[in-house]
Amino acid sequence: MRKAIGYVWGTAFVLLAWWLLSACVASPALPSPVQTVQELVAMSDSLIPQSGISLARLLLGLAIGTLIGAPLGLLSGMCPKVDRFVAPVLYILFPIPKIVFLPVLFVFFGVGGQSKVILIVIAVLFQAMVTMRDAAHAVPVGRVEAMRSLGGSGAHVFMHVMVPATLPFLFNALRVSTGTAVAILFIGESMAGSTGLGYYIMNSWSMLEYARMFSGIVALSVIGVALYELFDLCERRLS
């Protein structure tokens, strides 16, 4: 309940600040919240499909990146031999902004949705690997030894010790990755292609349809907040 009240208060504050700024600027380039909502309703027939395309790309990229990166990170954190190989690669590749690979992906996979999903996968994969590797290192050795003393195998340690202990770190990585994935998706969709909210927003900007542009921004923001809350809810249910 308290969180819901916080969202109501936060939304009201943002809308009020937006309305005041719009009134002060008095420019078509900054429509009021009322104008934006009216445009949202009027353009829902085209906005909803574009939102669905962007949401599907986000979910697919987040899912694939997490399913690959999280187990690899745990394995690296659990096994020093694997970590000796993985750690140098992570140290070199993780700091590189993944968005720089977008032109390369356009060359090999075209400007459609596939290249954008792959880029999200790459970004999320490294975030999940680094987070889960560090989380595995933080698991108390006593828990692992207790499981082994009971005859547990490496698989038992992985499933019954490492996964439950590191699950909160995984959801934290997902929340952080959501913001990164949304930003990557927007850049990818706005640079090339003719689908998705990134294209919708930049196409509206190029046509000087600012209320329509802001409606796309609002839709993309709602998707980001919804995914963030979804991961928060999953963490509360599973942890």
Side-chain angles (χ1 to χ4, degrees), residues 53-139 162-163 166-202 205 216-217 220-221 223-225 227-228 230-232 235:
I53 291 170
S54 292
L55 178 59
R57 289 169 177 168
L58 281 170
L59 290 174
L60 188 59
L62 286 166
I64 296 174
T66 302
L67 289 174
I68 298 174
L72 287 176
L74 282 178
L75 181 63
S76 177
M78 290 174 59
C79 182
K81 292 182 179 179
V82 175
D83 196 46
R84 279 196 293 270
F85 172 77
V86 172
V89 178
L90 281 178
Y91 293 152
I92 293 171
L93 295 181
F94 182 68
I96 300 175
K98 307 308 179 290
I99 194 67
V100 300
F101 297 117
L102 187 59
V104 180
L105 294 175
F106 281 162
V107 171
F108 284 99
F109 299 100
V111 298
Q114 189 176 6
S115 56
K116 291 140 193 173
V117 171
I118 291 173
L119 188 60
I120 293 173
V121 169
I122 293 171
V124 174
L125 184 151
F126 278 98
Q127 181 69 51
M129 280 189 68
V130 170
T131 301
M132 299 307 283
R133 172 181 174 271
D134 293 343
H137 285 157
V139 175
M162 304 304 291
V163 170
T166 58
L167 202 57
F169 295 90
L170 174 61
F171 284 110
N172 184 58
L174 281 170
R175 286 191 291 266
V176 173
S177 297
T178 296
T180 304
V182 170
I184 288 174
L185 181 69
F186 170 74
I187 295 173
E189 290 180 340
S190 63
M191 282 183 63
S194 58
T195 57
L197 285 173
Y199 165 78
Y200 183 91
I201 292 168
M202 295 307 294
W205 167 77
I217 294 172
L220 192 59
S221 302
I223 287 175
V225 172
L227 289 175
Y228 189 95
L230 175 63
F231 296 136
D232 197 46
E235 181 182 7

Sole candidate of Leu170, Leu75, Leu72 that passes side chain to side chain contact (heavy atoms under 4.5 Å, CB included) when paired with Met132: Leu170
Could you tell me which non-hydrogen atom of [X] sits nearest to which non-hydrogen atom of [Y], and how far apart they are?
| X | Y | answer |
| --- | --- | --- |
| Phe106 | Gly188 | CZ-O, 4.0 Å |
| Ile120 | Ala181 | CG2-CB, 3.8 Å |
| Thr131 | Ala173 | OG1-CB, 3.7 Å |
| Ala136 | Gly77 | CB-CA, 3.7 Å |
| Gly65 | Ala128 | O-CB, 4.4 Å |

Main-chain N/O of Ala63 paired to Thr66 side chain as donor or acceptor, under 3.5 Å: no
I'd like to know if the side chain of Ser76 and the backbone of Val86 have a donor-acceptor N/O pair within less than 3.5 Å. no
Taking C-beta and beyond as the side chain, do Met129 and Val89 meet within less than 4.5 Å on heavy atoms? no
Is there side-chain contact between Arg57 and Leu60, with at least one heavy-atom pair below 4.5 Å? no
Residue pairs involving residues 106-119 (criterion side chain to side chain donor-acceptor pair (under 3.5 Å); sequence neighbours excluded): none
Just how far is it from atom CG of Asp134 to atom OG1 of Thr166, taken to the nearest 0.5 Å? 11.5 Å
d(Lys98 NZ, Leu105 CG) to nearest 0.5 Å is 12.5 Å
Pairing donors with acceptors under 3.5 angstrom, does anything connect the side chains of Thr180 and Gln127? no
Just jot down the side-chain contact (heavy atoms from CB on, under 4.5 Å) partners of Phe231, sequence neighbours excluded, or say none. Leu62, Phe171, Leu174, Arg175, Thr178, Leu227
Once side-chain contact (heavy atoms from CB on, under 4.5 Å) is applied, do any residues pair with Ile201, and if so which ones, sequence neighbours excluded? Phe186, Met213, Ile217, Leu220
